[in-house]
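To keep things clear, I will list the structure first and then write my remarks on it.
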2 protein chains.
Amino acid sequence: MLSAIMEDYLKAIYYLQDETDERVRTSTLAEHMDVEQPSVTSMVKKLAERDFIHYKPYKGVVLTDTGIPVVLEIIRHHRLLERYLTERLEYDWAEVHDEADRLEHHISNQFADRIAAQLGNPAVDPHGDPIPTADLDVSPPQSGETLADQQVGDKVRIERVPDNDPDLLRYLSEHGITPKTVVEIVETTSFGMVTLDPDGTDERVALPEEVARSIIAQTLTGASN
Amino acid sequence: MLSAIMEDYLKAIYYLQDETDERVRTSTLAEHMDVEQPSVTSMVKKLAERDFIHYKPYKGVVLTDTGIPVVLEIIRHHRLLERYLTERLEYDWAEVHDEADRLEHHISNQFADRIAAQLGNPAVDPHGDPIPTADLDVSPPQSGETLADQQVGDKVRIERVPDNDPDLLRYLSEHGITPKTVVEIVETTSFGMVTLDPDGTDERVALPEEVARSIIAQTLTGASN
DNA sequence: TTATATATTTAGCCTCGTCTAATTCTCTCC
DNA sequence: GGAGAGAATTAGACGAGGCTAAATATATAA
Ligand SMILES: [Mn+2]
Ligand SMILES: [Mn+2]
Ligand SMILES: [Mn+2]
Ligand SMILES: [Mn+2]
């Protein structure tokens, strides 16, 4: 079989190749996995040897058709776990990531299917990320629009937030911002600050543009169109 | 921290020293862990180095006061998982052991505490084994009486069955024998066969004496006393 | 087109958990 | 009390994953 470490490498490759749409470089992977480059080189050789990735020396790697379903299975585990932890075991959505990142490698597919059934086969995880089905279909990524692309006065529905920064997640949920929340953009500044008003509140929530760009949102009504 | 493998060694030592009430020998451990003896020797040195066990060369090992709570924590995880899997995720009690044996090393104490809370802090696992509390108290072992110690005509309540033989567990549950079941001993033979009648049924369930001896039961009424 | 900077790979070493083969200790039995 | 038998340990190796330092390939920029 495949070690937990190998699975994490494959998962990292999946996310990175999705982001950049290019071959994933050794250095990028090294940073992501928090190891030195030679460790990556030796690992990608093993993964290529076993046909999960295509490796071209000095040119980076891509997942093969063998590798992709492996990754999707892990992502299914991860997102179902996150959902189950928040929904059934009273975890805060800020704490689920680490627990899920470990357990994803150790639960059986049977376990995953059972918690999926308990949850009614949910389509998305607590951060709005799509959960692959048991036969590993994944919904296509949402429209690329982010909170940073909006105009003042726009109303948008939050679709997806990054799941790996607990502090941000705590901040967001404390201010009533989760997937499905509708917010109005009340201010954007030249120095990179976006201010929101969650629907039905008078609260003002400020976010650095950098962060706003990482939050996917669906435009509902625009003052500008 | 401690690797999953090390935890399994400690757990094995715990069970073996409980069974024999003596120092656990290298060979016993090797058989239990399904590795060769030199592997055990090198592992017990590491565990002794870290003070989880006391190791006397050529004389076997014993858990230290540092090692015992480590084991109890793992056993708590294992038994809570088994209970949760059967009760909330529709696992058959014959299938839970393997899943629990893997996951016990990977769930956090928080996870264990949450499933314990969901279950109402149960005292025993599906096989009747006591679940250590969050502060690691364990109920003392049940009376040593087994199904093999009974007389024909005795009524006994099943307390505990071995959890590592799926076939046996399936057989038992198919014939309505689980912890809490009351059965009457209807026959014992000189060639080692015990026959039971589960309470309220007319069914006859036969078991080899070897197996009967591994099932703990509480005598309720005896024809003989 | 050539020189320099940067990314990547190779070389060699380490720890963990395992193995086989060889050696040494312990125990029993005469 | 000594000879063997049998159990346990030591010696030396291997694969997985990691590291550092050295070598090499690629990219950039003159
Ligand atoms: Mn992971
Ligand atoms: Mn998530
Ligand atoms: Mn285990
Ligand atoms: Mn059990």
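We name chains A, B, ... by the order of the sequence lines, and we start the count at 1 in each one. The shown structure was predicted, so the numbers you read here are calculated from the model rather than taken from an experiment.
Nearest nucleotide to the side chain of B:T41, out of D:dA7, D:dT9, D:dA16: D:dT9. Closest to the side chain of B:Q37, out of C:dC16, C:dT9, D:dT9, is D:dT9.
Positionally, the nearest nucleotide of DNA chain C for B:M33 lies more toward the 5' end than for the other of B:R25 and B:M33.
Aromatic ring pairs are classed by plane angle as parallel below 30°, tilted from 30° to 60° and perpendicular above 60°; the pair A:Y84 and B:Y84 is perpendicular.
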task: Would you sort out whether B:V138 and B:I75 count as a side-chain contact (heavy atoms from CB on, under 4.5 Å), showing the intermediate values?
output: CA-CA 10 Å; B:V138 215; B:I75 291 178; over 6 Å; no

- prompt: Taking it one step at a time, do B:L103 and B:H77 satisfy side-chain contact (heavy atoms from CB on, under 4.5 Å)?
  reply: CA-CA 8 Å; B:L103 290 182; B:H77 289 188; over 6 Å; no

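Residues from residues 50-59 of chain A placing a heavy atom under 4.0 Å of any atom in DNA chain C, listed by number, are A:Y55, A:P57, A:Y58.
Remark: A:S42 is not in phosphate contact with C:dT9, judged by side-chain N or O atoms under 4.0 Å from OP1 or OP2. Considering only side-chain N and O atoms, A:S39 lies nowhere under 4.0 angstrom from the phosphate OP1 or OP2 of D:dG17. For C:dT9, neither phosphate oxygen OP1 nor OP2 lies less than 4.0 angstrom from any side-chain nitrogen or oxygen of A:K45. At D:dG18, one or more side-chain N or O atoms of A:Y9 fall inside 4.0 Å of OP1 or OP2 (strictly under the cut-off).
The shortest non-hydrogen separation linking A:P162 to A:H127 is O-CD2, 4.5 Å.
Judged by distance alone, with hydrogens and angles left aside, the side-chain atoms of B:E7 form no donor-acceptor pair with the main-chain N or O of B:S3 at under 3.5 Å.
The structure places CG of B:D8 at 6.0 Å from CG of B:D101, a figure rounded to the nearest 0.5 Å.
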